[in-house]
Amino acid sequence: MRTIDWAEGAIELIDQTRLPDECVVLRIDDVDTLIDAIQRLAVRGAPALGVAGALGVALIAARAPAPGSGAGGPPASGTREAEARIADIQRLRAARPTAVNLAWGVDQAAACLPGGPEAVLRAALRVRDDDIAACVAMGERGADLLQREAGPRPLRIMTVCNTGGLAAVERGTALGVVQTLHERGGLAEVLALETRPLLQGARLTTWELARMGAAHRLVADSAGPYLLSRGGVDAVLIGADRIAANGDTANKIGSYALALGARRAGVPFLVVAPETTIDQATPSGEHIEIEDRGPGEIVAIRGTRVAPEGTQALNPAFDVTPHDLITAIITDKRVIRPT
Ligand code: MRU
């Protein structure tokens, strides 16, 4: 089943806030509901956000023209309707700031607006299909690299957040590599970090690994660097929300601590992401906007308050791993060694 798709004039997506308890598919046919779904992480993960952005523009482009504004076709520029479309596209583009794929997906589809709704939809479906192909390619390339460098024995992989099919369309990025290893019989075990505050590792990665039939254990985020220091982990695999031109990589908060732990322990630290996550317009990590999701997710866990009333909190959703801590970046086209 696809995480996100287009079906009869609307976007269908798995509501990831309800996993692992129930698998509910949302049908979304207006941009406000889509923006809300993106912001509350019903759809999440950089590649899936790219597809959501592109399909969201298709929704906007397909909107029926306002009465009296002429029949069909894109609204003439300068009209109130054309301006409303542009405003909606900009709101969608900015719904989450760190993952460059969202803005990229929006831009791919928006570039086709002059061609009318069918052209926009074709472009959006191309973003979806390219993501599916890219994830297959990353899985193969990543598994090849690991098996070449670590040898044929089954590997133990550590990962953070969710980078599986739920973060893309069908297969994932870092977890796509894990899936390919597993299919080749080359996976011993995955150590999945739970990923506070929203628990994408505990809720989503374990759900996907169980469905794959892949051996895994869940570990607290703060146990990651210690477990690396004890030996027995062959590689850390993470995804990326934005890779700056120099290789600095923004990904889920906790990635940087893992990279430091991996360097100290001599464990390869691999980033797996499609080429579309590389942002040549951002020279280095300090220029990447890091989403702050506010204190609510820190002082409470799944709606249950864990800190005293009135506690202040900081909630950066992502961190930046400097390129010199990254062993390799595996994309759908190549392996980049940032150092
Ligand atoms: O806040 P999220 O759940 O959207 O964060 C997702 C991540 O950090 C992923 O690691 C990243 O988007 C790569 S997904 C293949």
Side-chain angles (χ1 to χ4, degrees), residues 3-4 13-17 19 37-53 95-105 130-132 134-139 142 157-180 190 192-205 207-208 221 224 236-243 249-259 269-279 288-294 297-298 315-321 326 329-332:
T3 298
I4 179 165
L13 55 87
I14 296 176
D15 183 348
Q16 299 187 38
T17 64
L19 288 171
I38 290 171
Q39 289 179 334
R40 62 188 183 83
L41 273 55
V43 58
R44 47 150 296 283
L49 289 173
V51 177
R96 291 193 75 193
T98 304
V100 69
N101 302 63
L102 175 59
W104 177 85
D130 288 352
D131 174 75
I132 293 170
C135 287
V136 172
M138 283 182 277
I157 304 293
M158 183 176 281
T159 191
V160 63
C161 197
N162 171 267
T163 59
L166 288 170
V169 179
E170 286 184 351
R171 296 168 80 97
T173 57
L175 215 65
V177 174
V178 164
Q179 187 171 352
T180 305
V190 179
L193 266 60
E194 59 179 351
T195 320
R196 272 283 285 145
L198 294 182
L199 301 171
Q200 290 93 328
R203 295 187 300 107
L204 308 176
T205 299
W207 185 78
E208 287 201 52
D221 296 329
V236 176
L237 258 59
I238 67 161
D241 286 85
R242 191 182 295 249
I243 301 172
T249 293
N251 190 54
K252 181 53 57 190
I253 192 77
S255 302
Y256 178 40
L258 274 189
F269 185 87
L270 305 174
V271 174
V272 186
E275 290 281 331
T276 50
T277 304
I278 300 174
D279 178 12
I288 299 176
E289 182 181 349
I290 298 297
E291 177 183 3
D292 188 318
R293 294 188 55 83
E297 295 172 354
I298 303 293
N315 187 11
F318 302 95
D319 58 26
V320 177
T321 300
I326 296 171
I329 299 171
I330 298 158
T331 80
D332 44 317

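Just so you know, ligand 1 is whichever comes first in the structure, and atom 1 is the first atom listed for that ligand.
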- Query: Side chain of E208, backbone of L166: donor and acceptor closer than 3.5 Å?
  - Reply: yes
- With a 4.5 Å limit on heavy-atom distance, are the side chains of I290 and V320 in contact? yes
- Query: What residues, two or more places apart in sequence or in another chain, satisfy side-chain hydrogen bond (donor to acceptor under 3.5 Å, both in side chains) together with R196?
  - Reply: none
- Is there side-chain contact between V169 and I4, with heavy atoms separated by less than 4.5 Å? yes
- Task: Return yes if a side-chain donor-acceptor contact under 3.5 Å exists between R44 and N162, otherwise no.
- Result: yes
- Between T17 and D15, do the side chains contain an N or O donor and an N or O acceptor separated by less than 3.5 Å? yes
N or O contacts of ligand 1 with protein under 3.5 Å, please list pair by pair.
residue  : atom   : partner : partner atom : Å
ligand 1 : 1 (O)  : R96     : NH1          : 3.4
ligand 1 : 1 (O)  : R96     : NH2          : 2.9
ligand 1 : 1 (O)  : K252    : NZ           : 2.7
ligand 1 : 3 (O)  : R44     : NE           : 2.5
ligand 1 : 3 (O)  : R44     : NH2          : 3.4
ligand 1 : 3 (O)  : Q200    : NE2          : 2.8
ligand 1 : 4 (O)  : G45     : N            : 3.1
ligand 1 : 4 (O)  : R96     : NH1          : 2.8
ligand 1 : 8 (O)  : D241    : OD1          : 2.9
ligand 1 : 8 (O)  : N251    : OD1          : 3.3
ligand 1 : 8 (O)  : K252    : N            : 3.3
ligand 1 : 10 (O) : N251    : OD1          : 2.6
ligand 1 : 12 (O) : A46     : N            : 2.9
ligand 1 : 12 (O) : D241    : OD1          : 3.2
ligand 1 : 12 (O) : D241    : OD2          : 3.0

